[in-house]
Amino acid sequence: MAFRNRMYQLSNVDDADADILNSHFAPNPRGQNHTHGRRRNTLALCTTKDQMFVYGSTPAGGAEWCSEALERSRPRAAFKQQRRRHVPRWISDSFRTCLPKPSGILKEQTVNEEEGNSRHRGKYDCDERIGVAESMNYWHGIVRTEEDGSKTLFLIPESWEDVHLKEGLVAIIDLAVDRLHCSKLVLFVDKNNSSLPYLVKSLHWVGFEPLPHLNCSDHALFGMEL
Amino acid sequence: MPAIMEKNMLVSESLRTTELLGHVKPIDSVVTWSSPGSSRQAIGEAFKNTIEEIERAAVRGEPADSDAFFVADLNGVYRQLLRWHAKLPRVQPFYAVKCNPDPKVLALLNKFGTGFDCASKGELEQILGLGVSPDRIVYANPCKAITYVRYAASKGINLMTFDNADELYKVKQHHPNSRLLLRISTDDSNSLCRLSLKFGASLDDTGKLLDIAKSLELNVVGVSFHVGSGSYDPSAFLDAIQRSRQVFDQGLERGFNFDLLDIGGGFMNDSFDGVADLIRSALDTYFDPSIRVISEPGRFFVSSSFTLAVNVIAKRKLDDEEKVMYYVNDGVYGSLNCILFDHQHPVARVLKCGSRFVYNDLVGTGQHRCFIWGPTCDSLDVIANDAHLPYELNVGDWIYFEDAGAYTVAAASCFNGFKTSRIVYLDTDILD
């Protein structure tokens, strides 16, 4: 029922694709789950500038079904500009101040000047902005390519209150390794989170370690090699 | 016939561990440091020598390595190993590598046939690099991403835990030959916080999970549980063993051949003797001798064997002159991860004040109240909020923390630039 609420519907994809995903979350009256209550599925929808796909913790076949559905709808999506979800100001500020100094190639200033609209271009070619959508939450992320070709995924959730930590982390790790080919994952954790001690302990069990970073006054960074 | 042979191999493997330990003769150095008092004296000497070496380097103008350092007493780990086998001879320990991945600790435990509990790729690579055979490794990460399951399959590590249906489908697809342990929860009350990982399946779900495993033709070989590290209630182990018996019965009803029980970790140094007596009695009551029992201890082996020394690098007096702030050269982003990750509260003691070494002085709490901060000026980098020291310190003095072996020594990774803490070992003859 909650998924029919407009507030919870996925709003960063085409209407057709949103219908596919929302119908997947809708309760199945004929399925076995109906008698035992609807089970929770964690689907991660990843949208980059070139493509989008679904990945997550589902019973066998579920992920393939979603990927197949999106593959079928891909030709139409290719001719349509993706509507990217609005990035909250505080998340943009967090990325700007807290990301480690990039080791990628800085775009030449002259090229920007020739373009004429350089203010709207990203400063670093190696950074790519992505979004990961769950059923009740959204993760904003940046994929950065290091000099040696390896990639790091930086993620901030819009709200830690709606994170189902175990299912969410499994889906994100699978996404980062299999689809984005990242070798490192870094999470931004709000220091003022009242659940910080429990969250930090859980991240430790999964394999994260704290990263010292002097520029972050609001967030603690936790990283893990994948 | 194959099942019987496999069972015999497992039993002989468990016996081999006991025989291996029984055949090891005491090393002369072990006799020398056999008592904790002698070890304490040796630790004090090691602290003094290392600090004097650092100060001589500073006087000569050399770039002194004034970072914090550990003094590690490997014989302490050996004593804990002897203690374990005296109290729990039936239980084969699988050391939790995350607790302290120091190479010499791992080499010592490997020498005496200990198994290893690995939770990440790096730990698996480290343990396999020691030459440990894959059947002495259990993979127990609570978040089993596909990349981890595939990696375990490629390395031949078959013993894994599971506690939900998603993991069963994942294992069926990527590691169908695995040997699975059903992890059960040990606390039915609601979790303290939603952001805590949910460990284990409740007894209401174990039947359904075993049905799914049966339909997928997966090989479930037993049950595992994990009483929390902070648990001081010995009856928690008894309750968990009783629950395991119930799940064993559920498995037998469904045609599984359960022969392995994993009683997890959470053993504390102080309460070990009482808990071990209770566990031994409960195991003999509920499980046949043919059932192999393993465990995943961590801090029990290493906590008391490491002592950390840090240097005061800055000092600041507050306006009211009542409290003083000290800044030391290590913190929660370095060797004191345990404060963040393990919710420990290490007790600060004065090691060197001016020219006086006061390590072995059993001075209790003093009147000098102070804050102790780490070196990063970060709001999380707090070591002690209200430490009580017997003396007021100055820049250049040293503080030490005892029982600094659990969740302090960080494994080298690409994030910390492979800059790990220096460790001074007391006596490495035990590794020969």
Side-chain angles (χ1 to χ4, degrees), chain A residues 36 39 41-42 55-62 150 152 160-178 183-184 186 191-214 216-218 220-226, chain B residues 98 119-123 140-151 163-170 172-173 191-199 208 212 216 226 229-230 331-334 337-343 374-381 407 410-411 413-417:
Chain A
H36 301 284
R39 57 170 302 174
N41 293 323
T42 298
Y55 217 90
S57 303
T58 57
S150 65
T152 304
W160 281 103
E161 299 301 324
D162 295 316
V163 169
H164 294 282
L165 196 60
K166 184 167 182 174
E167 297 86 356
L169 284 177
V170 171
I172 284 172
I173 293 168
D174 286 337
L175 179 77
V177 173
D178 284 338
S183 61
K184 285 170 277 183
V186 177
K191 286 177 184 173
N192 299 316
N193 191 327
S194 60
S195 310
L196 186 67
Y198 306 103
L199 175 58
V200 167
K201 188 164 188 176
S202 300
L203 294 179
H204 171 70
W205 282 118
V206 176
F208 285 88
E209 63 180 280
L211 313 182
H213 200 281
L214 298 181
C216 285
S217 58
D218 295 326
L221 274 67
F222 293 92
M224 177 169 65
E225 295 183 70
L226 298 175
Chain B
K98 179 182 291 293
S120 68
K121 269 187 192 177
E123 292 174 8
N141 193 311
C143 280
K144 289 187 179 56
I146 290 174
T147 179
Y148 299 157
V149 176
R150 267 197 307 246
Y151 185 83
D163 62 6
N164 58 73
D166 289 345
E167 286 173 345
L168 286 174
Y169 293 116
K170 201 171 285 185
K172 177 62 180 180
Q173 186 177 354
S191 167
L192 273 177
C193 174
R194 295 176 59 189
L195 286 175
S196 298
L197 287 174
K198 304 297 186 290
F199 286 105
K208 291 192 284 286
I212 295 174
L216 293 174
H226 187 93
S229 290
V332 303
Y333 293 102
N337 276 8
C338 55
I339 297 173
L340 264 187
F341 280 149
D342 203 32
H343 302 169
T376 63
C377 299
D378 186 82
S379 62
L380 293 182
D381 202 1
Y407 303 105
S413 72
C414 59
F415 288 115
N416 59 27

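Since the model is a prediction, treat every value here as computed from it, not as a measurement. Here is how names work: the chains are called A, B, and so on, in the same order as the sequence lines, proteins then strands, and each is numbered from 1.
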Within-4.5 Å side-chain heavy-atom neighbours: V170(A) and D166(B): no
Region of K144(B) in contact with chain A, defined by heavy-atom distances below 4.5 Å: backbone
Chain A contact via S120(B) - which portion, at a heavy-atom distance below 4.5 Å: neither
Non-hydrogen atoms of D174(A) and I146(B) that approach each other most closely: OD1-N, 2.6 Å
Region of V200(A) in contact with chain B, defined by heavy-atom distances below 4.5 Å: both
Nearest-0.5 Å distance that lies between atom OH in Y333(B) and atom CG in L221(A): 8.5 Å
Interatomic distance, H204(A) atom NE2 to L340(B) atom CG [nearest 0.5 angstrom]: 10.5 Å
Reported CD-to-NZ distance for the pair E225(A) and K121(B), which is rounded to 0.5 angstrom: 10.0 Å
Residue Y148(B) versus chain A: region with a heavy atom under 4.5 Å: side chain
Residue part contacting chain A, namely of E167(B), when any heavy atom lies under 4.5 Å: side chain
Chain A contact via N164(B) - which portion, at a heavy-atom distance below 4.5 Å: side chain
Those residues that, when tested against A140(B), pass side-chain contact (heavy atoms from CB on, under 4.5 Å) (two or more places apart): D117(B), T161(B), E296(B)
Closest approach of K191(A) to S379(B) (non-hydrogen atoms, all atoms of both residues): CD-OG, 3.5 Å
Counterpart residues, side-chain contact (heavy atoms from CB on, under 4.5 Å), relative to N337(B) (two or more places apart): P210(A), F341(B)
